[in-house]
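Some notes on the structure that comes next.
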Amino acid sequence: SMQFTTAIRGNFFDIAACVDEPQRLDAQLRHIPDGLLLLNEGTIVWHGSWRQGEALLPPGFAVTDYRDKLIVPGFVDSHIHYPQTEMIGAYGDQLLGWLKNYTFPTESRFACEKHAGEMSAFFLRQLLSNGTTTALVFGTVHPQSVDALFSQAAALNMRLIAGKVMMDRHAPPALLETPEQSYRQTRALIERWHGRQRLSYAITPRFAPTSTPALLAQVQRLREEFPDAYLHTHLSENPDEIAWVKALFPESRSYLDVYHRYGLTGGKSVFAHCLHLEEQEWDCLCRTRSSIAFCPTSNLFLGSGLFNLQKAWQKRVKLGIGTDVGAGTTFNMLQTLGEAYKVGQLQRYKLSACEAFYHATLGGARALALDDKIGNFTPGKEADFVVLDPAVSALQKLRHENSPALADQLFVLMTLGDDRNIYRTYVDGKVVYQAPAREEAA
Ligand code: GUN
Ligand code: ZN
């Protein structure tokens with residue numbers, strides 16, 4: 001008979017399977033207003049209605065009751081920089097000035113192991129208190145930045161992907177390395193962390209402008225030696241950046257072609273931003289099964305541009321949502337989805353709540369080649385999920401009572417929601433975050 005250690009009752013919402021067109025999402029939507037989820041330690045073993053599942057429970061088996069809450073799969077943040085946590089909201093610059101004036105000085109502090117440890121703890125706590133259970137994370141150029149983050153994620157048994165930045169030009173000397181040093185340090189980190197518990201390594205060249213051809217050749221060598229590791233970088237974010245890449249790599253047909261020539265595209269490659277792609281770059285992303293991280297709060301904050309979600313569907317390019325903290329302005333996926341909606345509005349694209357939650361869960365899992373492990377409540381998957389309180393403030397309660405239908409509830413969470421709506425976060429079947437007790441909203 002089926003083994004289980006935990007029973008959770010509540011209002012469940014997830015997407016049953018990945019889709020290639022947004023019109024197909026409705027057919028995959030699963031909403032079980034009175035549902036049951038059974039876990040065996042960190043694995044989902046049964047999911048269905050309370051009425052069908054109740055008989056599986058031995059007499060007296062403890063059931064955690066979240067019937068007044070909404071339970072969704074843990075959010076997937078497909079692009080974020082943990083060392084930039086302390087510099088969110090840096091005033092006045094677009095990408096290149098922002099990097100020079102704020103980002104590089106902040107990242108220099110991660111040479112200090114103690115600082116990296118403190119910031120790792122703060123960062124992971126921010127993810128969990130915002131319902132994010134998996135992320136693809138940039139470190140700094142310092143290997144100790146990644147050791148600090150991975151060792152703390154391992155203690156939580158989180159599913160996390162991260163890597164040390166690789167860069168050998170166009171940054172302050174303290175943040176530069178030689179291509180050989182970058183290779184050796186990255187290789188040692190892959191051997192230490194990749195595939196340990198639920199951790200994976202992402203080979204992380206910052207972006208083309210901070211990479212010499214010799215560095216990119218070392219990235220390619222690592223890719224060939226560790227074909228199972230991820231590749232994580234930035235692509236086509238800002239017009240000045242794109243012009244710079246064309247000047248630095250005149251032999252390449254496009255920005256993406258700089259990476260593609262070194263074999264850096266592929267099914268485990270994630271490119272953040274992709275705002276100003278040429279047709280051939282879209283086609284190359286599709287052909288190589290590469291993924292995009294769409295980072296709406298960052299794109300608006302740095303004035304980088306408007307991501308074309310409709311085009312991503314048309315070109316069938318896998319897509320996840322990234323907060324891109326610290327260019328992004330929040331860790332919170334609800335707020336990030338609300339900004340994604342507005343980016344759609346500016347281009348006459350209607351981002352439904354169902355599509356938005358898909359990108360933030362199962363779709364994001366697919367973009368990270370993790371859709372066989374996380375992203376919904378299908379038995380066999382890992383037990384990472386969020387218990388949302390759909391109405392915590394007076395305004396949310398007023399709005400919520402006005403239209404309690406699921407689609408409205410989800411959409412209003414994207415519009416009015418924030419970290420207060422995260423009631424509990426589960427990782428590996430265990431509560432890893434619990435909201436503070438709240439006064440009744442006035
Ligand atoms: N391009 C190169 N580095 C960065 C970074 O740290 N943040 C963003 N948003 N874009 C980049
Ligand atoms: Zn970024």
Side-chain angles (χ1 to χ4, degrees), residues 77-110 119 123 135-142 145-146 161-172 175-176 202-212 215-216 219 230-245 248-249 255-256 258-259 264 269-277 291-307 320-331 336 339 343 367-368:
D77 189 333
S78 62
H79 178 72
I80 186 164
H81 299 251
Y82 103 79
Q84 296 174 12
T85 304
E86 65 196 83
M87 55 162 285
I88 283 192
Y91 171 76
D93 279 309
Q94 292 209 347
L95 176 63
L96 300 178
W98 176 85
L99 283 171
K100 177 169 173 285
N101 296 325
Y102 299 106
T103 314
F104 292 149
T106 303
E107 292 193 4
S108 298
R109 304 185 62 190
F110 286 73
M119 288 303 134
F123 171 82
L136 172 57
V137 188
F138 260 69
T140 62
V141 73
H142 316 94
S145 72
V146 172
I161 314 169
K164 91 164 205 81
V165 166
M166 304 173 75
M167 57 179 171
D168 72 336
R169 63 168 159 175
H170 298 139
L175 290 177
L176 294 179
I203 301 165
T204 310
R206 176 167 221 120
F207 68 155
T210 49
S211 311
T212 64
L215 184 93
L216 294 172
V219 177
Y230 290 85
L231 184 290
H232 184 197
T233 191
H234 298 93
L235 172 64
S236 197
E237 179 175 5
N238 172 287
D240 294 343
E241 169 210 20
I242 295 164
W244 195 19
V245 171
L248 291 170
F249 297 93
Y255 190 161
L256 179 56
V258 174
Y259 299 134
L264 308 191
S269 297
V270 181
F271 296 95
H273 308 303
C274 300
L275 299 179
H276 312 284
L277 297 181
S291 297
I292 293 175
F294 168 26
C295 308
T297 74
S298 166
N299 298 160
L300 296 171
F301 183 75
L302 290 182
S304 304
L306 301 175
F307 181 73
I321 305 283
T323 60
D324 194 27
V325 162
T329 52
T330 179
F331 280 83
T336 304
E339 296 305 290
V343 167
L368 302 185

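Read the numbers this way: they start at 1 and go in the same order the structure lists the ligands and their atoms. Model, not experiment: these values are computed from the prediction.
- Remark: distances from the non-hydrogen atoms of E241 to ligand 1 are all 4.0 Å or more.
- Where the criterion is an N or O separation shorter than 3.5 Å, residue side chain and backbone included, D324 meets it with respect to ligand 1.
- Residue-level check: among N/O/S atoms of H81, NE2 sits closest to the Zn ion (ligand 2).
- To the nearest 0.5 Å, atoms OH (Y82) and OG1 (T140) are separated by 6.0 Å.
- In summary, the atoms of ligand 1 found under 4.0 Å from a heavy atom of A327, numbered by their order in the structure, are 9 (N).
- What you find for T106 and M87 is that their closest heavy atoms are OG1-SD, 3.6 Å.
- Among the atoms of T103, none of the N or O lies under 3.5 angstrom from an N or O of ligand 1.
- The N, O or S atom of H79 with the smallest distance to the Zn ion (ligand 2) is NE2.
- Protein heavy atom in closest approach to atom 4 (C) of ligand 1: H234 CE1, 3.4 Å.
- Counting only heavy atoms of the protein, atom 5 (C) of ligand 1 lies nearest to H81 CE1, 3.6 Å.
- In this structure, the protein non-hydrogen atom closest to atom 10 (N) of ligand 1 is E237 OE1, 2.7 Å.
- The Zn ion (ligand 2) sits nearest to atom OD1 when only the N, O or S atoms of D324 are considered.
- Minimum heavy-atom separation, T323 to T330: CB-O, 3.2 Å.
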Criterion side-chain contact (heavy atoms from CB on, under 4.5 Å) on E86 and R109, from CA distance to verdict: CA-CA 11 Å; E86 65 196 83; R109 304 185 62 190; 2.6 Å; yes
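- Judged purely by atom type and a 3.5 angstrom limit, S145 has no side-chain atom pairing as donor or acceptor with the backbone of V141.
- Ligand 1 places these atoms under 4.0 Å from at least one heavy atom of L95: 1 (N), 8 (C), 10 (N), 11 (C).
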CA sep, side-chain torsions, deciding dist, call: F138, H79, ring-ring contact (aromatic ring centres under 6.0 Å, His included): CA-CA 8 Å; F138 260 69; H79 178 72; 5.6 Å; yes
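- Assignment of W98 to the shell around ligand 1 is supported, since a heavy atom sits closer than 4.0 Å.
- Taking the six-membered ring for Trp, Y255 and F207 have ring centres at least 6.0 Å apart.
- Of all protein heavy atoms, the one lying nearest to atom 3 (N) of ligand 1 is R206 NE, 2.8 Å.
- Between F307 and P296 the shortest side-chain heavy-atom distance does not fall below 4.5 Å.
- The atoms of ligand 1 that sit less than 4.0 Å from any heavy atom of H273 are 9 (N).
- Here CG of L302 is found 6.0 Å from CG of L95. Values are rounded to the nearest 0.5 Å.
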